[in-house]
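Beneath this line is the structure, given in structure tokens, with notes to follow.
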Protein chains: 2
Amino acid sequence: MAGFKGQAEYSVDSKGRVTIPAKMRDELSPEADGTFTVTRGFDQCVYLYPLDTWTEMEENEIANLSRYDREARHFVRIIMRWAEEVALDAQGRIKLPSPLIDFAEIDGEGRIIGAFDHVEIWAPKVFDQYMNEQPVEYETLAERVMSG
Amino acid sequence: MAGFKGQAEYSVDSKGRVTIPAKMRDELSPEADGTFTVTRGFDQCVYLYPLDTWTEMEENEIANLSRYDREARHFVRIIMRWAEEVALDAQGRIKLPSPLIDFAEIDGEGRIIGAFDHVEIWAPKVFDQYMNEQPVEYETLAERVMSG
DNA sequence: GGCGTATTCCCCACTTTTCCCCACGGGCCT
DNA sequence: AGGCCCGTGGGGAAAAGTGGGGAATACGCC
């Protein structure tokens, strides 16, 4: 299965519904059962993981963390607190939980980005600002990340 | 079975009753029999473990502690002293034991948080304060916890 | 030991939110 | 030019959360 790719700018209506681009929906495996797990992203955006991918992450990464370690506990609190399963409706939309809409400062419009193993939704304004703030240009970044 | 996730802010009425969010109720396995074991949490909150998970913990972790070790003895006293079994009523609520309400300083409102293997209930005020006190931001925490 | 008080548990009714279904308009491909 | 797929919006039925009252039980006091 190929990774999520592409970008789009779709409306987020008053009920918090966003259409997921058809091309990204097509990437979902049958095991995902038309369902994503949304959660707080790194940086100020929302992450969408296909259900099957997310379940693997829970089992392989989160389940192994110690209940008795302070930092691990705090991490689990954050990641799970923001997480929620959302299913596609007949129109190919999901409903974003309102806490995540607030967190990402999404208002009316969402920029949807394919990011290989997950999909991201940003407020367009926040996304532009994030891009401008990044100090390292694309070519330099490539050298650093890919050579390590 | 997937882990508990999501957050909500529900009322805790004068009788100490709190609704458990439907999504979290759905995570309960049949073996839990609609019952949680509540106890004092790490940090100032209340923990809710599904009955079956709790039973496992008792057998696998608590049962193995030495009767002859002072600290282990103390630990067992604390965790068991605060523990209590609570069943969901027909409306999907539980009654929080009043000692735990006092301990967590819950008054009227409770912030309910899914935390993978258990559910947590916090006084909103206490929770916000806890979050603000954490010195490490989410992105940094993720690097540390998940790479270790 | 009996009575009165307090507590707990269960049931019922109301309000709000959520979810699902339907209908419309536009664009792309054939 | 027509048909099909895609994104957008709204309305109605069902579920979820909230609050209060009454019967049964337990407790303490007289």
Side-chain angles (χ1 to χ4, degrees), chain A residues 4-28 33-38 46 48 51 81-102 106-114 119-124, chain B residues 4-28 33-38 46 48 51 83-102 106-114 119-124:
Chain A
F4 294 107
K5 46 178 79 68
Q7 59 180 325
E9 193 146 337
Y10 285 171
S11 70
V12 181
D13 68 21
S14 56
K15 297 181 181 178
R17 297 180 298 187
V18 211
T19 303
I20 304 301
K23 295 198 177 147
M24 298 186 191
R25 293 197 307 251
D26 294 343
E27 292 291 340
L28 276 183
D33 196 30
T35 307
F36 287 94
T37 299
V38 303
V46 178
L48 278 69
L51 182 59
R81 167 161 88 104
W82 296 96
E84 201 95 30
E85 281 185 20
V86 291
L88 291 164
D89 66 13
Q91 282 70 38
R93 294 174 291 193
I94 58 163
K95 186 197 168 295
L96 287 178
S98 51
L100 283 171
I101 291 183
D102 295 342
I106 292 170
D107 176 33
E109 288 286 306
R111 188 164 299 163
I112 305 167
I113 293 178
V119 173
E120 302 184 350
I121 304 180
W122 293 73
Chain B
F4 293 107
K5 48 178 77 70
Q7 58 183 325
E9 193 146 339
Y10 286 171
S11 70
V12 181
D13 67 22
S14 55
K15 299 179 182 180
R17 298 179 297 186
V18 212
T19 304
I20 305 300
K23 302 224 171 107
M24 297 185 191
R25 293 196 308 250
D26 293 343
E27 293 290 341
L28 276 183
D33 197 31
T35 307
F36 288 94
T37 300
V38 303
V46 179
L48 278 69
L51 183 58
E84 200 97 28
E85 283 185 19
V86 291
L88 291 164
D89 67 13
Q91 281 70 38
R93 293 175 292 195
I94 58 163
K95 186 196 168 297
L96 287 178
S98 50
L100 285 171
I101 291 184
D102 294 342
I106 292 169
D107 176 33
E109 288 284 306
R111 188 164 299 165
I112 305 168
I113 291 178
V119 173
E120 303 184 350
I121 304 180
W122 294 71

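Just so you know, these numbers come straight off a predicted model, no measurement behind them. In what follows, chains are A, B, ... by sequence order, proteins preceding strands, each numbered from 1.
- Between B/Gly92 and A/Pro21, the residue anchored closer to the 5' end of DNA chain D is A/Pro21, taking for each the nucleotide with the nearest heavy atom.
- Following rounding to the nearest Å, B/Lys15 (NZ) and C/dT8 (P) show an atom-to-atom distance of 11 Å.
- We find the CD1-CH2 distance between A/Ile112 and A/Trp122 to be 14.0 Å, quoted to the nearest 0.5 Å.
- The main-chain N or O of B/Thr35 is never found under 3.5 Å from a side-chain atom of B/Asp33 such that the two would form a donor-acceptor pair.
- OP1 or OP2 of D/dG9 sits under 4.0 Å from a side-chain N or O of A/Ser11.
- Proximity of B/Arg25 to the phosphate of D/dG17: a side-chain N or O atom is located under 4.0 Å from OP1 or OP2.
- Following rounding to the nearest Å, B/Asp26 (CG) and D/dA16 (C1') show an atom-to-atom distance of 11 Å.
- One finds no side-chain N or O of B/Ser14 lying less than 4.0 angstrom from the OP1 or OP2 phosphate oxygen of D/dG19.
- Rounding to whole angstrom units, NZ of residue B/Lys95 and C1' of D/dG20 are separated by 17 Å.
- With rounding to whole Å, A/Asp89 atom CG is found 12 Å from D/dG7 atom P.
- Looking at the side chain of B/Ala22, the nearest of the listed nucleotides D/dG17, C/dC20, D/dG19 is D/dG17.
- Nearest-nucleotide assignment on DNA chain D puts the 5′-proximal partner with A/Ile20, out of B/Val12 and A/Ile20.
- Counting to the nearest Å, the C1' atom of D/dC6 and the CZ atom of A/Arg93 are 11 Å from each other.
- In this entry the distance linking NZ of B/Lys23 with C1' of C/dT18 reads 9 Å, nearest Å.
- In this structure, the separation between CG on A/Asp13 and NZ on A/Lys95 is 10.0 Å, given to the nearest 0.5 Å.
- Distance B/Gln91 CD to D/dG21 P: 16 Å, rounded to the nearest Å.
- To the nearest 0.5 Å, the span separating CD1 on A/Ile113 from CE on A/Met24 amounts to 8.0 Å.
- Taking atom OH on A/Tyr10 and atom C1' on D/dC6, their separation rounds to 7 Å, with Å as the unit.
- Residues A/Ile20 and A/Leu48 are in side-chain contact: their nearest non-hydrogen atoms beyond the backbone lie under 4.5 Å apart.
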